[in-house]
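Data block below; observations after.
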Number of protein chains: 2
Amino acid sequence: MHSKQVGMEWRSACPVSCAMDVLGDKWSLLIIRDLLMFDTRTYSNFRESSEHISTNILAERLKRLTAMGVIERINPEATARNNAFQLTESGQALRPVVESIYVWADSHLRDFNPDTAAAI
Amino acid sequence: MHSKQVGMEWRSACPVSCAMDVLGDKWSLLIIRDLLMFDTRTYSNFRESSEHISTNILAERLKRLTAMGVIERINPEATARNNAFQLTESGQALRPVVESIYVWADSHLRDFNPDTAAAI
DNA sequence: CCGGATCCTTGTCGATACTG
DNA sequence: CAGTATCGACAAGGATCCGG
């Protein structure tokens with residue numbers, strides 16, 4: 001699977017920029033976060049997360065992250081009943097990213113959001 | 001300076017979510033990247049970066065990142081001639097975030113973008 | 001010139017209703 | 001329950017114009 005096939009366009013060759021082309025939105029890293037915490041998540045599991053993603057955005061992000069090899073379905077031929085996602089090796093390699101973001105926000109965003117808590 | 005004062009709304013108390021409320025777009029972390037690389041950047045320096053941000057987006061992001069205490073003007077009373085931004089302590093604390101993103105993209109996005117190079 | 005505001009077009013987000 | 005269709009709201013992006 002290549003970039004052209006998923007309709008991906010890269011703004012530049014910079015890895016950080018490419019990463020933002022894939023993950024640079026408000027939702028993608030929260031999906032990754034959920035999967036880092038719970039290993040597997042269903043469509044409705046994601047919807048239960050406290051940020052309340054809407055169905056079309058969730059479906060699109062799951063599609064994109066799957067296309068980019070970050071997540072995958074546990075069983076590709078699963079029915080709607082038992083259908084869940086997990087991280088690929090690439091997705092698991094995002095753990096340091098999410099953790100460093102967590103650490104940063106936890107120590108530098110407190111002044112702005114008094115509610116910021118360790119609990120997710 | 002508090003969240004209400006900058007019109008900030010938080011989707012949840014999760015630090016990762018809060019971080020995405022501040023940095024979760026395609027441009028913010030590229031601005032941080034530039035400042036990590038060059039220490040100080042002017043408005044037009046940012047515009048010269050290879051992703052070609054447009055003026056209105058840049059102005060808005062600089063405003064938001066300033067409001068969130070991530071960047072600051074070197075000299076608040078500078079004229080248009082000598083006017084540049086730098087990272088605050090909070091912004092410099094984002095170095096591990098940008099670096100881990102760089103490392104991830106460099107090793108996991110190559111299959112999708114053959115042009116991904118170490119050079120920024 | 002440079003920083004930045006404004007206008008305008010296009011694209012994406014997000015809520016909700018709806019379908020298999 | 002997973003996913004799609006629709007539509008209004010809003011953000012992105014380009015061009016252009018203004019002030020110092």
Side-chain angles (χ1 to χ4, degrees), chain A residues 6-12 17-31 34-35 38 40-68 71-86, chain B residues 6-12 17-18 20-32 34-35 38 40-68 71-86:
Chain A
V6 293
M8 202 61 195
E9 291 191 15
W10 309 96
R11 286 174 292 172
S12 81
S17 169
C18 293
M20 289 304 98
D21 287 335
V22 175
L23 306 170
D25 66 84
K26 297 202 310 187
W27 295 106
S28 293
L29 281 177
L30 298 186
I31 291 173
D34 286 357
L35 287 172
F38 295 104
T40 76
R41 290 275 93 179
T42 66
Y43 195 95
S44 51
N45 285 152
F46 287 119
R47 298 208 60 211
E48 288 156 11
S49 281
S50 48
E51 293 86 12
H52 304 112
I53 189 171
S54 61
T55 61
N56 54 348
I57 304 292
L58 175 59
E60 195 214 292
R61 291 298 185 280
L62 292 175
K63 228 178 275 179
R64 190 166 81 192
L65 292 173
T66 302
M68 299 308 295
I71 66 176
E72 64 191 354
R73 286 177 191 280
I74 288 180
N75 178 5
E77 26 255 301
T79 70
R81 291 284 152 199
N82 57 344
N83 205 344
F85 292 83
Q86 63 189 354
Chain B
V6 291
M8 202 60 195
E9 292 191 15
W10 308 95
R11 286 175 291 173
S12 83
S17 169
C18 293
M20 288 304 98
D21 287 335
V22 176
L23 305 170
D25 66 83
K26 297 204 309 186
W27 295 108
S28 293
L29 280 177
L30 298 187
I31 291 173
I32 307 293
D34 286 357
L35 287 172
F38 295 104
T40 75
R41 290 275 93 178
T42 66
Y43 196 94
S44 50
N45 286 152
F46 286 120
R47 298 210 61 211
E48 288 156 11
S49 281
S50 47
E51 294 85 12
H52 304 112
I53 190 171
S54 60
T55 62
N56 51 352
I57 304 293
L58 175 58
E60 195 214 292
R61 290 299 183 281
L62 291 175
K63 227 179 275 178
R64 189 166 83 194
L65 292 173
T66 302
M68 298 310 294
I71 66 176
E72 63 190 355
R73 286 177 191 278
I74 289 181
N75 179 6
E77 26 255 302
T79 71
R81 290 282 154 200
N82 56 344
N83 204 345
F85 292 82
Q86 62 189 355

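In what follows, chains are A, B, ... by sequence order, proteins preceding strands, each numbered from 1.
- Distance from the side chain of A/Ile57 is smallest to C/dC13 among C/dC13, C/dC2, D/dG3.
- Note on B/Arg61: only backbone sugar-phosphate atoms sit closer than 4.0 angstrom, heavy atoms only; bases stay farther off.
- Contact of B/Asn83 with C/dG3 (side chain to base): no donor-acceptor pair of N or O atoms is detected under 3.5 Å.
- Nearest nucleotide to the side chain of A/Ser44, out of D/dA2, C/dG4, D/dA12: D/dA2.
- The phosphate of D/dA11 (OP1 or OP2) has no side-chain N or O of B/Trp27 nearer than 4.0 angstrom.
- Side-chain atoms of B/Ser54 lie closest to D/dG14 of the nucleotides D/dG14, D/dT6, C/dG3.
- Of the listed nucleotides (D/dA12, C/dG4, C/dG3), D/dA12 has the atom at the smallest distance from the side chain of B/Glu60.
- When each of A/Thr55 and A/Arg11 is assigned the nucleotide of DNA chain D with its nearest heavy atom, A/Thr55 is the one assigned upstream, toward the 5' end.
- Judged by distance alone, with hydrogens and angles left aside, B/Asn56 brings no side-chain donor or acceptor close enough to the base of C/dG4 to form a pair under 3.5 Å.
- B/Lys63 has no side-chain polar atom (N or O) that falls below the 4.0 Å cut-off from OP1 or OP2 of C/dG3.
- Between A/Arg73 and D/dG3 there is a side-chain N or O to OP1 or OP2 distance below 4.0 Å.
- Under 4.0 angstrom from either OP1 or OP2 of D/dG13 there lies at least one side-chain N or O belonging to B/Lys26.
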